[in-house]
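Read the structure below first, then the notes.
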Amino acid sequence: MTGSVPNSPLTWRQLESADRREVLRLADRGERHPDPIIAEAAYRWANAPGWSRRVNRAPGWLLPAVGAVALVTVVVLKMPVVFAIAAAIAVVCGLLGWFGSRVAAKVRSVGAPEFAVPAPNDIAP
């Protein structure tokens, strides 16, 4: 990959969990990880198209709210258990997605490592 550090991890998941926690802890304080390889992996993960508000125009609270309303409706109307399970899954997935997008925004806010090739979301249209 041109412009990147040699042997840089290709994905966020290739980092050790302790390194991922450290990236998130530092991002909460507004700091970038000091290791350039880890910083680039975090930058690439945070700039993945799925975390971008330009790609996902629905507000983050929408899926958990719809799932919660569906879950209450299923319980009140005493519908089959499979509907309750589906609604609960929608709530959990929505909350995880909402949390993930908020965390990615914090990681994006510390900026890109100096050597990183711009991610597709960083390139002006």
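Just so you know, these numbers come straight off a predicted model, no measurement behind them.
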Tell me the closest heavy-atom pair linking V91 and A68, and the distance in Å. CG2-N, 3.2 Å
Is there a path of hydrophobic side-chain contacts, each under 4.5 Å between heavy atoms of I/L/V/M/F/W/Y residues, joining V75 to I89? no
Can you hop from L71 to V66 via hydrophobic side chains spaced under 4.5 Å? no
Note, L77 side chain near F83 side chain (heavy atom, < 4.5 Å): no
side-chain contact (heavy atoms from CB on, under 4.5 Å) between R108 and N47, worked out: CA-CA 7 Å; R108 272 194 311 274; N47 283 286; 3.3 Å; yes
Of all heavy-atom pairs linking R13 and R20, the shortest is O-NH1, 3.5 Å
Between A90 and G67, the two heavy atoms sitting closest are CB-CA, 4.1 Å
Can you see which heavy atom on W45 is nearest to which on G100, and at what distance? CH2-O, 4.2 Å
Residues V23, D19; criterion side-chain contact (heavy atoms from CB on, under 4.5 Å); working and verdict: CA-CA 6 Å; V23 165; D19 291 333; 5.6 Å; no
In the single-linkage hydrophobic clustering (I, L, V, M, F, W, Y; side-chain heavy atoms under 4.5 Å), do V103 and I38 co-cluster? yes
Could you grab the distance from atom CE of M79 to atom OG1 of T73, nearest 0.5 Å is fine? 8.5 Å
For the hydrophobic clusters of this structure (ILVMFWY residues joined by side-chain heavy atoms under 4.5 Å, transitively), does one cluster hold both L15 and L26? no
Less than 4.5 Å apart, side chain to side chain, heavy atoms only: is that true for L24 and K106? no
To the nearest 0.5 Å, what is the distance between CD on E40 and CZ on R32? 11.5 Å
